[in-house]
**Student:** 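Just dropping this structure here.
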Amino acid sequence: MRYEAPESVEGAVALLVGAKGEARVLAGGTDLLVQMRADVVEPELIVDIKKIAETRAVTEEKGGWRIGAAVTGAELKENARLKKIWPGVVEAANLIGSTQIQGRATLGGNLCNGSPAADSVPALIAAGAIASLAGPNGRRDLPVEDVMLGPRKLALTKGEIVVSFLLPPRPARSSDAYLRFIPRTEMDIAVVGAGVSLSLDGGGVITAARVSLGAVAARVLLVPEAAQAIVGSRLDKPAQDRLEAAARAICRPIDDKRGTTEFRIDVAAVLTRRSALIALDRARAN
Ligand SMILES: Cc1cc2nc3c(=O)[nH]c(=O)nc-3n(C[C@H](O)[C@H](O)[C@H](O)COP(=O)(O)OP(=O)(O)OC[C@H]3O[C@@H](n4cnc5c(N)ncnc54)[C@H](O)[C@@H]3O)c2cc1C
């Protein structure tokens, strides 16, 4: 096995494209190293992207935020301004594993591991985050909801990496939230995860919303019907009921020992409503 740690995006892409056997990007390693130890993957080449400055930076850009793909949850939490503007994204990244895991785990790794239960992905999708990709044919942007196609299946082509995520500019009276249900208090995989982002007008009416659900289908879902159910409302009881109904309707979860299909659908409805209420409270304060 060969280990490389290039200092440029182009260098990483060239290494990945030139690999003879299986090649893997290494970010925090909290998925990859576990999978290697379990012999699930046996890469011939590992390309560590943490020495590439672009993947490690958090910067304000065009009124929004650019977050490097190899930035860890712990680093995001230390950014007070980001945390104020995108609390849901930051809290989702900091639900991943334990304190130790959060010091390693990255947003790019969480997305590119291709798990429908990945915690930061619903929050990124609700935020309207755009993934910036680099590959042998240059750079391109892809909405985060279009990166994961199914369990372990990504829209990335050979040699392509996620360099960063762009969170859009935030109008006043906007906020977001992410909640998940796990059977334990921590260190568990989401049975359901729900991310909601919304904006209010001066009268407290929701003018825009995005809702995303994790662990209820083969990929993390953007749920436009759920957003439509609350736009134009103050999230009163009828709007909450419509939101829950839309969340329920989209769910096609698995049925396993950690949650039956019926249970996951019920939890999806409840978490979506609670996330929306938290986002609403936060938006009122912004
Ligand atoms: C004890 C433990 C608890 C955990 N708890 C949770 C949890 O609560 N919630 C949760 O969602 N996950 C959890 N995880 C899984 C894991 O920590 C997360 O998915 C984490 O975000 C992965 O990030 P990473 O940087 O460590 O990825 P890595 O392991 O470095 O990479 C993961 C995969 O993505 C690829 N990859 C990484 N970065 C890129 C990139 N920029 N471009 C292209 N491909 C890339 C790698 O090749 C690899 O296939 C847990 C893991 C452990 C070991």
Side-chain angles (χ1 to χ4, degrees), residues 1 3-6 9 12-13 15-17 19 22-38 40-52 54-57 67-76 89 91-125 129 131-135 139-140 142 144 147-148 151-165 178-193 195 214-215 220 258:
M1 188 188 76
Y3 168 88
E4 300 281 355
V9 167
V13 169
L15 282 162
L16 291 165
V17 169
E22 188 174 2
R24 288 292 176 122
V25 170
L26 174 72
T30 60
D31 279 314
L32 183 62
L33 297 187
V34 174
Q35 290 160 13
M36 286 170 63
R37 291 198 77 161
V40 176
V41 290
E42 291 179 63
E44 176 264 329
L45 171 67
I46 286 184
V47 178
D48 187 337
I49 58 168
K50 292 191 292 297
K51 287 195 178 154
I52 304 171
E54 267 186 84
T55 72
R56 299 278 306 126
I67 303 174
V71 172
T72 66
E75 288 165 335
L76 291 181
V89 171
E91 73 197 349
N94 283 281
L95 279 173
I96 296 176
S98 57
T99 302
Q100 292 90 332
I101 295 290
Q102 287 149 22
R104 302 292 302 176
T106 67
L107 292 183
N110 201 219
L111 175 64
C112 296
N113 187 52
S115 164
D119 277 309
S120 69
V121 179
L124 284 173
I125 291 176
S132 294
L133 314 181
R139 305 245 179 171
R140 65 178 176 132
L142 207 55
V144 171
V147 174
M148 193 190 301
R152 311 264 176 247
K153 287 207 189 88
L154 303 178
L156 271 53
T157 57
K158 182 175 161 62
E160 213 169 26
I161 65 169
V162 178
V163 178
S164 61
F165 299 94
Y178 174 78
L179 291 174
R180 70 171 183 186
F181 175 81
I182 54 172
R184 307 194 296 176
T185 51
E186 60 177 20
M187 303 285 279
D188 208 342
I189 301 164
V191 170
V192 177
V220 181
R258 301 177 61 259

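Start at 1 and go down the list; that is how both ligands and their atoms are numbered. Given the structure is predicted, the values throughout are model-derived calculations rather than measurements.
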**Student:** When you measure from atom 29 (O) of ligand 1 to every protein heavy atom, which one gives the shortest distance, and what is it?
**Tutor:**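 Protein heavy atom at minimum distance: L32 N, 2.7 Å.
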**Student:** Hey, what do you get for CE (M1) to CE (M36), rounding to the nearest 0.5 Å?
**Tutor:**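 Going from CE on M1 over to CE on M36, the span is 4.5 Å.
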**Student:** Between E75 and T72, is there a donor-acceptor pair closer than 3.5 Å when you use the side chain of the first and the backbone of the second?
**Tutor:**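 Pair found, side chain donor or acceptor close to backbone of T72.
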**Student:** Within ligand 1, which atoms have a heavy atom of N113 less than 4.0 Å away?
**Tutor:**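 Listed by number with element: 33 (C), 34 (O).
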**Student:** Considering I96, L154, I182, I189, which one's heavy-atom position lies nearest to atom 14 (N) of ligand 1?
**Tutor:**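 The option holding the nearest heavy atom is I96.
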**Student:** Polar contacts were defined as any N/O atom of the residue lying under 3.5 Å from an N/O atom of the ligand; does this apply to G28 and ligand 1?
**Tutor:**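 G28 vs ligand 1: N/O contact under 3.5 Å present.
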**Student:** With a 4.0 Å cut-off on heavy atoms, does T72 reach ligand 1?
**Tutor:**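 No, T72 has no heavy atoms under 4.0 Å from ligand 1.
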**Student:** Among all protein heavy atoms in this structure, tell me which lies nearest to atom 1 (C) of ligand 1, with the distance rounded to 0.1 Å.
**Tutor:**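 Looking only at protein heavy atoms, the one closest to atom 1 (C) of ligand 1 is M187 CE, 3.6 Å.
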**Student:** Quick one: nearest non-hydrogen protein atom to atom 28 (P) of ligand 1, plus distance?
**Tutor:**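 Its nearest protein heavy-atom neighbour is G29 N, 3.4 Å.
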**Student:** Is ligand 1 under 4.0 Å from a heavy atom in the side chain of A69, in the backbone, in both, or in neither?
**Tutor:**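 Under 4.0 Å from ligand 1, A69 contributes side-chain atoms alone.
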**Student:** Kindly indicate whether the side chain of R24, heavy atoms from C-beta on, has any atom under 4.5 Å from the side chain of L45.
**Tutor:**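 When only atoms from C-beta onward are counted, L45 and R24 do not touch, as no gap falls below 4.5 Å.
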**Student:** Can you tell which part of V163 has a heavy atom less than 4.0 Å from ligand 1: side chain, backbone, both or neither?
**Tutor:**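 No part of V163 is near ligand 1 at this cut-off.
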**Student:** Rounded to the nearest 0.5 Å, what separates atom CG in L111 from atom CD1 in I125?
**Tutor:**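 If I round to the nearest 0.5 Å, the distance is 8.0 Å.
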**Student:** Distance-only, no hydrogens or angles: does the Q102 side chain make a donor-acceptor pair with backbone N or O of N94 under 3.5 Å?
**Tutor:**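 Yes, Q102 side chain to N94 backbone: donor-acceptor pair under 3.5 Å.
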**Student:** Need the ligand 1 atom indices (1-based, order shown) with element for anything under 4.0 Å from a heavy-atom of R24.
**Tutor:**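 Those atoms are 47 (O), 49 (O).
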**Student:** Answer yes when E54 and R56 have at least one side-chain N-carboxylate O distance shorter than 4.0 Å, and no when they do not.
**Tutor:**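 The answer is no: the pair does not qualify as a salt bridge.
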**Student:** Who's the nearest protein heavy-atom neighbour of atom 42 (N) of ligand 1, and how far?
**Tutor:**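 Nearest neighbour among protein heavy atoms for atom 42 (N) of ligand 1, to 0.1 Å: V162 N, 3.0 Å.
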**Student:** Check ligand 1 against I49 and write out every atom of the ligand that is under 4.0 Å from a heavy-atom position of the residue.
**Tutor:**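 Matching atoms, with element in brackets: 41 (N).
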**Student:** Looking only at the side chains, is there a donor atom on one of E160 and T157 sitting less than 3.5 Å from an acceptor on the other?
**Tutor:**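 Note: E160 and T157 side chains meet the donor-acceptor criterion.
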**Student:** Please check: side-chain N/O of N110 versus main-chain N/O of S120, any donor-acceptor pairing under 3.5 Å?
**Tutor:**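 Flag set: sc N110 to bb S120 pair under 3.5 Å.
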**Student:** With a cut-off of 4.0 Å, which atoms of ligand 1 are near a heavy atom of L95?
**Tutor:**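 Reading through ligand 1 atom by atom, the close ones are 8 (O).
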**Student:** Counting heavy atoms only, name the option from A92, A117, G97 that's nearest to atom 3 (C) of ligand 1.
**Tutor:**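 Nearest heavy atom to atom 3 (C) of ligand 1 lies in G97.
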**Student:** Q35: heavy atom below 4.0 Å from ligand 1, yes or no?
**Tutor:**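 Per 4.0 Å heavy-atom rule, Q35 does not contact ligand 1.
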**Student:** Is atom NZ of K51 surrounded by more than 12 heavy atoms (other residues, nucleotides or ligands) closer than 6.0 Å?
**Tutor:**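 No, not enclosed.
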**Student:** I need the atoms of ligand 1 closer than 4.0 Å to a non-hydrogen atom of A118, numbered in the order shown.
**Tutor:**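 With A118 as reference, the close atoms of ligand 1 come out as 11 (O).
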**Student:** Any sub-3.5 Å donor-acceptor pair from R152's side-chain atoms to N113's backbone N or O?
**Tutor:**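 Looks like yes, one N/O pair under 3.5 Å.
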**Student:** Please classify the I101 to ligand 1 contact at 4.0 Å (heavy-atom distances, strictly less than): side chain, backbone, both or neither.
**Tutor:**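 The answer is the side chain.
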**Student:** Suppose we measure from atom 9 (N) of ligand 1 to each protein heavy atom; which comes out shortest, and what is that distance?
**Tutor:**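 For this ligand atom, the closest protein heavy atom is D119 OD2, 2.7 Å.
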**Student:** Looking at non-hydrogen atoms alone, which of A93, C112, P122 comes nearest to atom 36 (N) of ligand 1?
**Tutor:**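 Minimum heavy-atom distance to atom 36 (N) of ligand 1 goes to C112.
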**Student:** Of all the non-hydrogen atoms in the protein, which one sits nearest to atom 37 (C) of ligand 1, and at what distance?
**Tutor:**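 The closest one turns out to be G109 CA, 3.5 Å.
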**Student:** Do side-chain atoms of T55 reach the backbone of V163 as a donor and acceptor pair under 3.5 angstrom?
**Tutor:**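 Answer holds: no.
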**Student:** Does ligand 1 have a heavy atom under 4.0 Å from the side chain of M36, from its backbone, from both, or from neither?
**Tutor:**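 No part of M36 is near ligand 1 at this cut-off.
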**Student:** Could you tell me, atom by atom, which parts of ligand 1 come under 4.0 Å of a heavy atom of T106?
**Tutor:**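 Heavy-atom distances to T106 below 4.0 Å select 21 (O), 23 (O), 24 (P), 25 (O).
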**Student:** Taking C-beta and beyond as the side chain, do V25 and V162 meet within less than 4.5 Å on heavy atoms?
**Tutor:**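 Counting from C-beta outward, V25 and V162 never come under 4.5 Å.
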**Student:** Sub-3.5 Å donor-acceptor pair from the side chain of R180 to the main-chain atoms of L95, do we have one?
**Tutor:**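 Indeed, once roles are kept as given, a pair shorter than 3.5 Å links the two residues.
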**Student:** Evaluate whether atom NZ of K158 has more than 12 neighbouring non-hydrogen atoms of other residues, nucleotides or ligands under 6.0 angstrom away.
**Tutor:**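 For K158, atom NZ is crowded (more than 12 foreign heavy atoms under 6.0 Å).
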**Student:** Which of the atoms of ligand 1 are close to T30, meaning less than 4.0 Å from one of its heavy atoms?
**Tutor:**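 Going through ligand 1 atom by atom, the ones under 4.0 Å from T30 are 16 (C), 17 (O), 18 (C), 20 (C), 22 (C), 23 (O), 24 (P), 26 (O), 29 (O), 51 (C), 53 (C).
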**Student:** Keeping the roles fixed (side chain from D119, backbone from I96), state whether a donor-acceptor pair exists under 3.5 Å.
**Tutor:**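 Answer holds: no.
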**Student:** Please indicate, with yes or no, if any protein heavy atom is found under 4.0 Å from atom 50 (C) of ligand 1?
**Tutor:**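 Not a single protein heavy atom is under 4.0 Å away.
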**Student:** Starting from atom 22 (C) of ligand 1, find the nearest protein heavy-atom neighbour and note its residue, name and distance.
**Tutor:**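 Result: D31 OD2, 3.2 Å.
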**Student:** Please write down residue, atom name and distance for the protein heavy atom closest to atom 39 (C) of ligand 1.
**Tutor:**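 Scanning the protein heavy atoms, the shortest distance from atom 39 (C) of ligand 1 goes to V25 CG1, 3.5 Å.
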